[in-house]
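Naming: A, B, ... by sequence-line order, numbering from 1 per chain. Fair warning: this is a prediction, and the values are worked out from it, not measured in the lab.
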Amino acid sequence: MNMDCVEMRLLVQANVDGELPAASAARVEAHLEGCPECAALQAQLISFSARMRQEVTCYSAPEHLRAAVRARLAAMAPTPEEGPETANDNMPNDRYVSWWRRLPRPRLGPAAPFGAGFALAACLALVFVLPHTGSLPDAVVSDHIRALEPGHLMDVVSTDQHAVKPWFDGRLDFAPPVKDFKAQGFPLVGGRLDYLDDKKVAALIYQRRQHLIDLYVWPDGGHLDHGPTEGSRSGYNFRHWSQDGMAFWAVSDLAPDQLAEFVALLRDGASSP
Amino acid sequence: MKWRPPSERERGVSVPVAGTFEQLITPHLDAAYNLARWLMQDATTAEDVVHDAVLRALTYFGSYKGSDPRAWFLRIVRNVAYGVLAARRRFGTISLDDAGQTPDGEPIAMEIADPADDPEVTLCRSEGFVRLDHALAALPAELRECLVLHELEEFSYKEVAHMTGVPIGTVMSRLWRARQVLMRSQDEEGTVR
């Protein structure tokens, strides 16, 4: 095989793959007539390509995966009475539209500006009076998602609770409870510092098989202990509770029942030193 | 790797396709699973990747501007898969480093799902097919995905280049290398028998 052939190989391949414009394809064919090696290569590539398409396993999505996707879409679909027709009235096309865009728009009468003024005042009052807990699930979940990006997950990497706990000393003005639940199938894998709700918080990372759990802990001084509340955002599940003066948020892509199991372990373990 | 919305140039490449998520994206679940399965080499993780990709695709569907929906969706699948692979690499390192330090001495790797085929797949395949599958599975991920996208999913060089974020020339040389390795492995099988 001479130098021309070395350059020619990619062209022969492109020709087999049907990627060459007619003029280049003709030049390749002309070369093949005088070069048995390249001609053999072409034959080899054609038969290999055929074999590959025939023999290599082409996996199909398992039925339970399809069912899960269908269920997810069904959960987001509009209800029958405000079906696609109404959605189409407002929107240029019938692609997925956020739920709030589908809400019927009230017809505004002459008194509307006053009403709107009161509503605005009421909203502002709520914003200033109520603690900002409403946005916390979003903040916690998006922090968890950000942490999953390469290089962001852990500041201290250890499966040893006695290495993780001292690491937080001097970095936080509180001591988060650090427990390993390896025996129960939730090994501790590390920790990091994070900012949530305008404060420094401890984030402990646990693992359940391939799934990661971020456990955020910070003192919520004075709040009464309360049991877990749960929810989900963007496909991630979270549980929140208060215990011994600390606020806890557990976030993961784990199924809700497994996350609940993890939370139950923590709640039992956290009260005993 | 972080998913980014398609650029203006990318959006303009073909005639806009209109339709709902269900009409445009759901038909490509098989292709999505096939790519995820070949990238992750493990059925359970592949399912997780596809599921995650569906969620991301739903989130970003508003910014989908009517390019080839299969390519659009598979690009998301690919990015999710690479994210998980990167996370897995990090954990791989940790489990080795800390294997001796855990109280009961069990490596974290024990917790990770078996990447082997499910019994069904193993049963369904005849011997010769398994060999080519194994050779493909043994390729580096970037060569493997090139072959899967081009040979199995029948994307053009240009589409593969676009989806994997490399120049067309790189796609050509990756395909060349991948095919050389596989053809050689099949030759060796032949001579051994």
Side-chain angles (χ1 to χ4, degrees), chain A residues 9-10 13-14 17-19 44-45 48-49 51-62 64-66 68-70 72-73 76-77 84 92-98 148-151 153-154 157-161 163 180 182-183 185 187 189-190 207-212 234-236 253, chain B residues 1-2 18-22 26 29-30 32-34 37-38 43-48 50-52 54-55 58-59 61-62 64 83 86-88 90-91 94 97-98 101-104 106 108 111-113 121 125 128-129 132-133 136 147 150-152 156-157 172-173 175-176 179 182-183 186:
Chain A
R9 292 183 313 195
L10 289 183
Q13 177 184 243
D17 288 333
E19 295 273 351
Q44 209 184 353
L45 282 172
F48 175 74
S49 208
R51 247 196 93 188
M52 210 175 137
R53 285 167 198 224
Q54 213 178 349
E55 293 186 15
V56 166
T57 311
C58 221
Y59 298 94
S60 313
H64 58 264
L65 177 63
R66 290 174 180 287
V69 171
R70 271 199 302 273
R72 164 67 59 171
L73 291 177
M76 302 176 73
N93 58 41
D94 56 347
R95 285 193 204 131
Y96 169 69
V97 178
S98 302
L148 292 176
E149 282 175 15
L153 190 61
M154 278 177 277
V157 172
S158 175
T159 55
D160 183 358
Q161 57 190 354
D180 188 15
K182 183 172 182 47
V189 290
Q207 195 178 9
R208 171 70 164 188
R209 289 192 288 273
Q210 307 255 349
H211 303 274
L212 294 171
S234 320
Y236 292 87
D253 57 347
Chain B
M1 191 182 292
K2 199 173 174 182
T20 60
F21 189 89
E22 207 146 6
T26 328
L29 278 181
D30 276 339
Y33 181 74
N34 188 43
R37 183 68 176 71
W38 274 111
T44 317
T45 329
E47 283 168 32
D48 288 352
V50 172
H51 203 256
D52 221 18
V54 168
L55 295 180
L58 277 168
T59 311
F61 197 58
Y64 165 74
R88 189 191 268 179
R90 280 201 304 276
F91 277 96
I94 293 154
D97 285 353
D98 289 356
Q101 295 170 16
T102 51
D104 40 356
E106 282 225 326
I108 290 179
E111 304 287 329
I112 292 171
V121 174
R125 283 193 268 177
F129 293 8
L132 199 49
D133 273 3
L136 179 58
L147 268 184
H150 181 72
E151 293 278 25
L152 304 187
S156 69
Y157 286 3
M172 290 170 77
S173 66
L175 276 175
W176 172 259
R179 282 167 168 159
L182 290 204
M183 289 194 293
Q186 296 306 297

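- Partners of A:Ser49 by side chain to side chain donor-acceptor pair (under 3.5 Å), not counting sequence neighbours, listed by chain and number: B:Glu151.
- A:Val56 places none of its side-chain heavy atoms less than 4.5 Å from the side chain of B:Leu147.
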Practice task
Could you give me the CA-CA distance, side-chain angles and deciding distance for B:Asp30 and A:Arg66, then say whether side chain to side chain contact (heavy atoms under 4.5 Å, CB included) is met?
Solution key: CA-CA 9 Å; B:Asp30 276 339; A:Arg66 290 174 180 287; 2.6 Å; yes
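- In this structure, chain B has heavy atoms under 4.5 Å from both the backbone and the side chain of A:Leu10.
- The shortest distance between side-chain heavy atoms of A:Asp17 and B:Met172 does not fall below 4.5 Å.
- Taking the charged nitrogens against the carboxylate oxygens, A:Arg209 and B:Asp48 have no contact shorter than 4.0 Å, which rules out a salt bridge.
- Residue A:Arg70 holds its CZ atom at 9.0 Å from CD of B:Glu22, rounded to the nearest 0.5 Å.
- In this structure, B:Tyr33 OH and A:Leu65 CG are separated by 7.5 Å, a value rounded to the nearest 0.5 Å.
- In this structure, the portions of B:Leu29 lying under 4.5 Å from any heavy atom of chain A include both its backbone and its side chain.
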Practice task
Determine, stepwise, if the pair A:Glu19 / B:His150 fulfils side chain to side chain contact (heavy atoms under 4.5 Å, CB included).
Solution key: CA-CA 11 Å; A:Glu19 295 273 351; B:His150 181 72; 4.1 Å; yes
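- Rounded to the nearest 0.5 Å, atoms CZ (A:Arg72) and CG (B:Leu55) are 5.0 Å apart.
- Between chain B and the residues A:Ala68, A:Gly18, A:Cys58, the largest count of heavy-atom pairs under 4.5 Å involves A:Cys58.
- Of all the listed residues (B:Thr59, B:Asp52, B:Leu152, B:Thr26), the one sharing the greatest number of non-hydrogen pairs under 4.5 Å with chain A is B:Leu152.
- For the residue pair B:Met183 and A:Leu45, the shortest heavy atom distance occurs at CE-CD2, 3.9 Å.
- Both the backbone and the side chain of B:Ser156 have a heavy atom closer than 4.5 Å to some heavy atom of chain A.
- Rounding to the nearest 0.5 Å places OG1 of A:Thr57 at 8.5 Å from CG of B:Asn34.
- Not a single ring-ring contact (aromatic ring centres under 6.0 Å, His included) links A:Phe48 to another residue, sequence neighbours left out.
- Heavy atoms closer than 4.5 Å to chain B are found in the backbone of A:Ser234, but not in its side chain.
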Handout entry: side chain to side chain contact (heavy atoms under 4.5 Å, CB included) between B:Glu47 and A:His64, worked out
Key = CA-CA 9 Å; B:Glu47 283 168 32; A:His64 58 264; 2.8 Å; yes
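- Interface remark: A:Gln13 contributes backbone and side-chain atoms alike to the contact with chain B (heavy atom separation under 4.5 Å).
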